[in-house]
Amino acid sequence: MTDDPAAHLAALDDLLARPYPAAETGDATGYGGPGWWVQDLYVSGEFWDDEDGEALQRADEEAAGHFDALARALTARWGEPFTVDLWSYLVASFDGEQPGREAPEPIGLLSGRATVLHVWPLPGGGRWLGLAVGQEDKELPVVLSVAVAAGPAPAPVAPPAAG
């Protein structure tokens, strides 16, 4: 992981060129599965001993700075993104009245760590790139993640259950 915006862009370009794995996988380079990849570009420290919240605030600000720089570069490349409410996907996946309604990956993974995803549909159609900043739990790191996936971009909110 690096703090260099050019290195983040190079990592994105590498992710865009990487073939999708045939089965779900995860290692130091990221997480992936058929038709998708997620890579963490920034990961803060953990916050087990951050009783006053100052370290978390610094990490949030640092992650936001990385996000803003990268989002500006991606907007210059592909235009304005749209936002996806990941919280709605997370809530829908826990809806007891709709069993088996898990969000497709990488939305499922991202909804467990962030509430908003900024999405750029990629030129040529059929793929999208998303950026999200979040934290899985209050003691865990703040993470800037990038996702690349085949298929249509996710809807801005979780679609209603079929019924």
Side-chain angles (χ1 to χ4, degrees), residues 1-12 14-15 18 21 23-33 35-75 80-120 128-149 153-161:
M1 241 118 336
T2 178
D3 292 341
D4 177 19
H8 288 321
L9 284 172
L12 288 177
D14 175 62
L15 198 61
R18 190 182 308 171
E24 287 197 15
T25 185
D27 60 26
T29 64
Y31 313 95
W36 64 276
W37 279 111
V38 172
Q39 184 171 344
D40 298 335
L41 299 176
Y42 167 83
V43 178
S44 74
E46 295 183 346
F47 304 100
W48 295 99
D49 298 321
D50 185 34
E51 293 180 21
D52 62 6
E54 288 183 25
L56 174 57
Q57 182 176 352
R58 283 191 304 275
D60 280 337
E61 291 169 358
E62 190 170 337
H66 291 292
F67 173 89
D68 290 344
L70 200 47
R72 279 192 303 273
L74 296 176
T75 298
E80 290 294 324
F82 67 90
T83 58
V84 173
D85 176 13
L86 291 174
W87 179 251
S88 69
Y89 283 89
L90 182 65
V91 169
S93 72
F94 286 109
D95 183 354
E97 297 189 25
Q98 300 294 326
R101 193 157 173 238
E102 294 81 23
E105 296 300 355
I107 298 300
L109 174 68
L110 294 169
S111 70
R113 60 166 62 169
T115 57
V116 176
L117 178 67
H118 296 259
V119 174
W120 288 264
W128 57 270
L129 181 141
L131 282 181
V133 174
Q135 183 181 24
E136 289 184 68
D137 205 348
K138 65 182 183 176
E139 296 87 5
L140 298 179
V142 174
V143 179
L144 168 61
S145 301
V146 59
V148 175
V157 295

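These numbers were taken from a predicted model, which means no experiment stands behind them.
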More than 12 heavy atoms from other groups under 6.0 Å of CD on E61 =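 Count over threshold, so yes.
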Assess whether atom CG of D27 is packed by more than 12 heavy atoms of other residues, nucleotides or ligands within 6.0 Å.
->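 Yes.
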What heavy-atom pair brings [X] and [Y] nearest, and what distance separates the two atoms?
{"X": "P106", "Y": "W128", "result": "CG-CH2, 3.8 Å"}
{"X": "Y89", "Y": "A155", "result": "OH-O, 2.9 Å"}
{"X": "P154", "Y": "F82", "result": "O-CE1, 3.5 Å"}

Determine, step by step, whether R113 and V143 satisfy the side chain to side chain contact (heavy atoms under 4.5 Å, CB included) criterion, reporting the C-alpha distance in whole Å, the side-chain angles of both residues, the deciding distance to 0.1 Å, and the verdict.
-> CA-CA 8 Å; R113 60 166 62 169; V143 179; 3.7 Å; yes
Out of curiosity, [X] [atom1] to [Y] [atom2], how far, rounded to the nearest 0.5 Å?
{"X": "D40", "Y": "L144", "atom1": "CG", "atom2": "CG", "result": "8.0 Å"}
{"X": "L129", "Y": "W120", "atom1": "CG", "atom2": "CH2", "result": "7.0 Å"}
{"X": "L86", "Y": "L109", "atom1": "CG", "atom2": "CG", "result": "10.0 Å"}

Please assess L15 against V38 for the test side chain to side chain contact (heavy atoms under 4.5 Å, CB included), listing each intermediate value before the final yes or no.
-> CA-CA 9 Å; L15 198 61; V38 172; over 6 Å; no
Any side-chain heavy atom of [X] sitting closer than 4.5 Å to one from [Y]?
{"X": "P156", "Y": "T83", "answer": "no"}
{"X": "W36", "Y": "P104", "answer": "no"}
{"X": "E62", "Y": "R58", "answer": "no"}

Residues which pass ring pair (Phe, Tyr, Trp, His ring centres under 6.0 Å) with F67, listed by chain and number, not counting sequence neighbours =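 In terms of ring pair (Phe, Tyr, Trp, His ring centres under 6.0 Å), with neighbours along the sequence ignored, F67 is linked to H118.
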Is there a donor-acceptor pair closer than 3.5 Å between any side-chain N or O of D68 and the backbone N or O of R72?
->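 No: the side chain of D68 does not pair with the backbone of R72.
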So, S44 side chain and V142 main chain: donor-acceptor pair closer than 3.5 Å or not?
-> yes
May I ask you to say whether R18 pairs ionically with D14, meaning some side-chain N is under 4.0 Å from a carboxylate O?
->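 Counted as a salt bridge, because a side-chain N and a carboxylate O are separated by less than 4.0 Å.
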L110 and V84: CA distance, side-chain angles, deciding distance, side chain to side chain contact (heavy atoms under 4.5 Å, CB included) verdict = CA-CA 11 Å; L110 294 169; V84 173; over 6 Å; no
Taking it one step at a time, do W37 and V146 satisfy side chain to side chain contact (heavy atoms under 4.5 Å, CB included)?
-> CA-CA 8 Å; W37 279 111; V146 59; over 6 Å; no
Give the table of side-chain donor-acceptor pairs shorter than 3.5 Å for residues 130-141, with sequence neighbours excluded, one pair per line with atom names and distance.
unit_1: Q135; atom_1: NE2; unit_2: D137; atom_2: O; d: 3.2
unit_1: Q135; atom_1: NE2; unit_2: K138; atom_2: O; d: 3.2
unit_1: Q135; atom_1: NE2; unit_2: L140; atom_2: O; d: 2.7

